[in-house]
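The structure appears right after this line, and notes come after that.
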Amino acid sequence: MKRIDWNALDEQGRSEALARPVQSRASELREGVSRIITEVRVRGDAALRELSAKYDRCALAALEVADDEFTAAEASLDPALKTAIREAAGRIETFHRAAALQPVGVDTAPGVRVECVLRPIQRVGLYVPAGSAPLPSTALMLGVPARIAGCREVVLCSPARADGRCDAAVLYAARLTGVHKVFKLGGAQAIAAMAYGTASVPKCDKLFGPGNAWVTEAKLQVSSEPDGAAIDMPAGPSEVLVIADVAANPAFVAADLLSQAEHGPDSQVILLSDSAALLDRVEHEVERQCAELPRAEIARQALAQSRLIAVASLAQAVEVSNRYAPEHLILQVTVPRRLLEGIACAGSVFLGAWTPESVGDYCSGSNHVLPTYGHARSYSGVSVASYQKQITVQELSADGLRGIGPCAATLAAAEQLEAHRRAVTLRLAELESMI
């Protein structure tokens, strides 16, 4: 990891210190994804089978997971894993129900009622990666809030293995959360299928879930088309920023950094500290622990573009963190809540020595589908609200229109929208004639 003194840098140097790995949207990637989307739109299921054979190396007789496959998947799982999945789903549901938006109704003036009602998005598509490692936790994070929101149909796509079956834990989690249909599809072709629909795969209104560069590019392309699908958020590689003081346990800090570095070679991890001694100890711990990891080579590639940054104070660390806007922010300091109030930009925050980022990934109850690549400045993580629409409703009595109608008429006249003004004044005149 590169060692940096924040206060020795000029503005350009600071920007470079917080620069993320460049996301590839090279013409080759864009054009490749565009070709896949076109193939799926034109040739439907036939294209999906061919692309699955090409990219996932599996021959699919049926695209949809059958009931007997769900049964076999559940039977094959270790009971301890099934218990852990159920426990995690329960906590995710507890938190997401508590955090869900509620309908609102208020009288903004006598006789003027304004409401906000919630309606679920009718059909949603969930994407669960299964590249270097299957992610049943993502099926939980996407499926639970979709069920709470009340979506009429929930479709899930996850790549099949060479034997033509999806990961058993992903299938178990999908069925547990109430997903209605699961398809053995991965990559850009899965996104295209859910965005535009085929004979087998229903067309979805909004797509959710992380993925590789091809999946990300496909989501961006379908979301820009009028007849495509909305998406949860822009996505990028996983990342974590840790703020640690001299009292932090260096082994804990190193473990948290490595837990993100092992996601992929384009992941990024950053440590900010006002203690040079702590930075030294963490640097040593990272090397020691990394050597013991099964995915050590992947982690090392990520560490090559990661940073150990010395700051003058914890207050300055908060400023730097807000500038970076991390997906995950860990506050390994003596009194972490003292810093929390100053945090303005982060996907999810983890407070104190006993709160590893991993619990948020799996089972604390918060969602792990979070804004990355700086999008935490303006986006939030997936929640029940992500699967809902807020529709405003207003109802005026005659007295209500008498009370606020002149205000509307005056503003309409100022904007030179005469029909707007008359829609109000004609009614006011009618009310006047009834007196």
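For the atom pair CD of Glu292 and SG of Cys290, the computed distance is 9.5 Å after rounding to the nearest 0.5 Å. One distance of note links CG of Leu118 with CD1 of Ile391; it measures 8.5 Å at 0.5 Å rounding. The structure places CG of Leu258 at 10.0 Å from CZ of Arg300, a figure rounded to the nearest 0.5 Å. How far CD of Glu287 is from CD of Glu285: 11.0 Å, rounded to the nearest 0.5 Å. With rounding to the nearest 0.5 Å, the separation of CG in Leu101 from SG in Cys116 is 7.5 Å. Atom CG in Leu257 sits 10.0 Å away from atom CD1 in Ile270 (nearest 0.5 Å).
In summary, the side chains of Ser386 and Asp232 do not present any donor paired with an acceptor at a separation below 3.5 Å, with no hydrogens or angles considered. Judged purely by distance below 3.5 Å, without hydrogens or angles, the side chains of Thr138 and His368 pair a donor atom with an acceptor atom. Remark: the Gln332 side chain and the Asp256 side chain contain an N/O donor-acceptor pair separated by less than 3.5 Å. Looking only at atom types and distance, the side chain of Glu225 has no donor-acceptor partner in the side chain of Gln221 under 3.5 Å away. The closest side-chain donor-acceptor pair between Ser313 and Asp274, if any, does not fall under 3.5 angstrom. For the residue pair Arg41 / Thr38, no side-chain donor-acceptor distance below 3.5 Å is found, with atom types taken as modelled. For the 3.5 Å distance criterion, the side chains of Arg91 and Ser366 fail to qualify, holding no donor opposite an acceptor. Defined by atom type and a distance below 3.5 Å, a donor-acceptor pair is missing between the side-chain atoms of Tyr373 and Gln268. There is a side-chain donor-acceptor pair under 3.5 Å between Glu357 and Gln260. No side-chain donor-acceptor contact under 3.5 Å links Gln301 and Asp266.
Considering all non-hydrogen atoms of both residues, Leu207 and Ala229 come closest at CG-CB, 3.9 Å. Nearest heavy atoms, Ser238 versus His263: OG-CD2, 3.6 Å. The heavy-atom pair separating Pro145 from Val382 by the smallest distance is CG-CG1, 4.3 Å. Residues Leu278 and Leu271 approach most closely at CD1-CD2, 4.2 Å, considering heavy atoms. In plain terms, the two heavy atoms of Leu156 and Ala174 that are nearest each other are CD1-CB, 4.1 Å. Across every non-hydrogen atom of Ala188 and Val33, the tightest pair is CB-CG1, 4.3 Å.
Surrounding OH of Tyr362 are at most 12 heavy atoms belonging to other residues, nucleotides or ligands under 6.0 Å away. Enclosure of atom CD in Glu341 is not indicated, since only 12 or fewer non-hydrogen atoms of other residues, nucleotides or ligands lie within 6.0 angstrom. Counting heavy-atom neighbours within 6.0 Å of Lys389 NZ, excluding the residue itself, gives a total above 12. For Arg323, the CZ atom sits in a packed shell: over 12 heavy atoms of surrounding residues, nucleotides or ligands are nearer than 6.0 Å.
Side chain of Gln305 to backbone of Pro265: a donor-acceptor contact under 3.5 angstrom is found. Without hydrogens or angle criteria, Asn367 side chain to Gly360 main chain gives no donor-acceptor distance under 3.5 Å. Although no hydrogens or angles enter the test, the distance criterion places no donor-acceptor pair under 3.5 Å between the side chain of His375 and the main chain of Pro371. Side-chain atoms of Ser273 never come within 3.5 Å of backbone atoms of Leu279 as a donor-acceptor pair (strictly under, hydrogens ignored). Judged by distance alone, the side chain of Asp167 and the main-chain N or O of Pro134 form no donor-acceptor pair under 3.5 Å. A donor-acceptor pair is defined here as one N or O able to donate and one able to accept, closer than 3.5 Å; such a pair exists between the side chain of Glu69 and the backbone of Ala66. Counting only distance, with no hydrogens or angles, the side chain of Arg281 and the backbone of Pro250 share no donor-acceptor pair below 3.5 Å. Judged by distance alone, the side chain of Arg20 and the main-chain N or O of Tyr324 form a donor-acceptor pair under 3.5 Å. Checked by atom type and distance alone, the side chain of His96 pairs as donor or acceptor with a backbone atom of Gly365 at under 3.5 Å. Between the His328 side chain and the Glu239 main chain, a donor and an acceptor come within less than 3.5 Å of each other.
Checked against salt bridge (Lys or Arg N to Asp or Glu O under 4.0 Å), Asp280 has the following partners two or more places apart in sequence or in another chain: Arg3.
Ion pairing between Glu93 and Arg147 holds under the 4.0 Å rule for side-chain N and carboxylate O. In this structure, Glu327 does not pair ionically with Arg377, as no charged nitrogen and carboxylate oxygen lie closer than 4.0 Å. Taking 4.0 Å as the cut-off between side-chain N and carboxylate O, Glu50 and Arg43 count as a salt-bridged pair. Between Glu16 and Arg307, no side-chain nitrogen of the basic residue sits less than 4.0 Å from a carboxylate oxygen of the acidic one, so the salt-bridge criterion is not met. Salt bridge status for Arg175 with Asp67: present, with a side-chain N to carboxylate O gap under 4.0 Å. The pair Asp107-Arg113 counts as a salt bridge, with a side-chain nitrogen and a carboxylate oxygen less than 4.0 angstrom apart. Under 4.0 Å is where a charged nitrogen must lie from a carboxylate oxygen, and between Glu11 and Arg14 no such pair does. For Arg161 and Asp163, the salt-bridge test passes: some basic side-chain N is under 4.0 Å from an acidic carboxylate O.
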Q: Evaluate the side chain to side chain contact (heavy atoms under 4.5 Å, CB included) criterion for residues Val144 and Ile148: first the C-alpha distance (whole Å), next the side-chain angles of each, then the deciding distance (0.1 Å), finally the verdict.
A: CA-CA 6 Å; Val144 168; Ile148 295 171; 3.9 Å; yes
Q) After noting the C-alpha distance and the side-chain angles of Leu329 and Val242, does the key distance pass the side chain to side chain contact (heavy atoms under 4.5 Å, CB included) rule? A) CA-CA 6 Å; Leu329 171 60; Val242 180; over 6 Å; no
Q: Could you please spell out the steps behind the side chain to side chain contact (heavy atoms under 4.5 Å, CB included) verdict for Tyr172 and Arg86?
A: CA-CA 10 Å; Tyr172 181 72; Arg86 290 194 301 270; 2.9 Å; yes
(Q) Run Val104 and Val117 through side chain to side chain contact (heavy atoms under 4.5 Å, CB included) and show every step you take. (A) CA-CA 7 Å; Val104 172; Val117 298; over 6 Å; no
Q | side chain to side chain donor-acceptor pair (under 3.5 Å) between Arg49 and Ser52, worked out | A | CA-CA 5 Å; Arg49 288 188 173 88; Ser52 294; over 6 Å; no
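At a threshold of 4.5 Å between non-hydrogen side-chain atoms, the residues Pro103 and Glu115 do not count as touching. Using a 4.5 Å heavy-atom threshold, the side chains of Gln388 and Arg119 count as separate. Taking the side chain as every heavy atom from C-beta outward, Ile36 and Glu39 never approach each other to under 4.5 Å. By the 4.5 Å heavy-atom criterion applied to side chains, Met141 and Ile92 are counted as neighbours. Residues Leu29 and Glu31 fail the side-chain proximity criterion, which asks for heavy atoms closer than 4.5 Å. At least one side-chain heavy atom of Leu171 sits under 4.5 Å from a side-chain heavy atom of Val182.
Checked against the 6.0 Å centroid threshold, Tyr387 and Phe208 count as a close aromatic pair.
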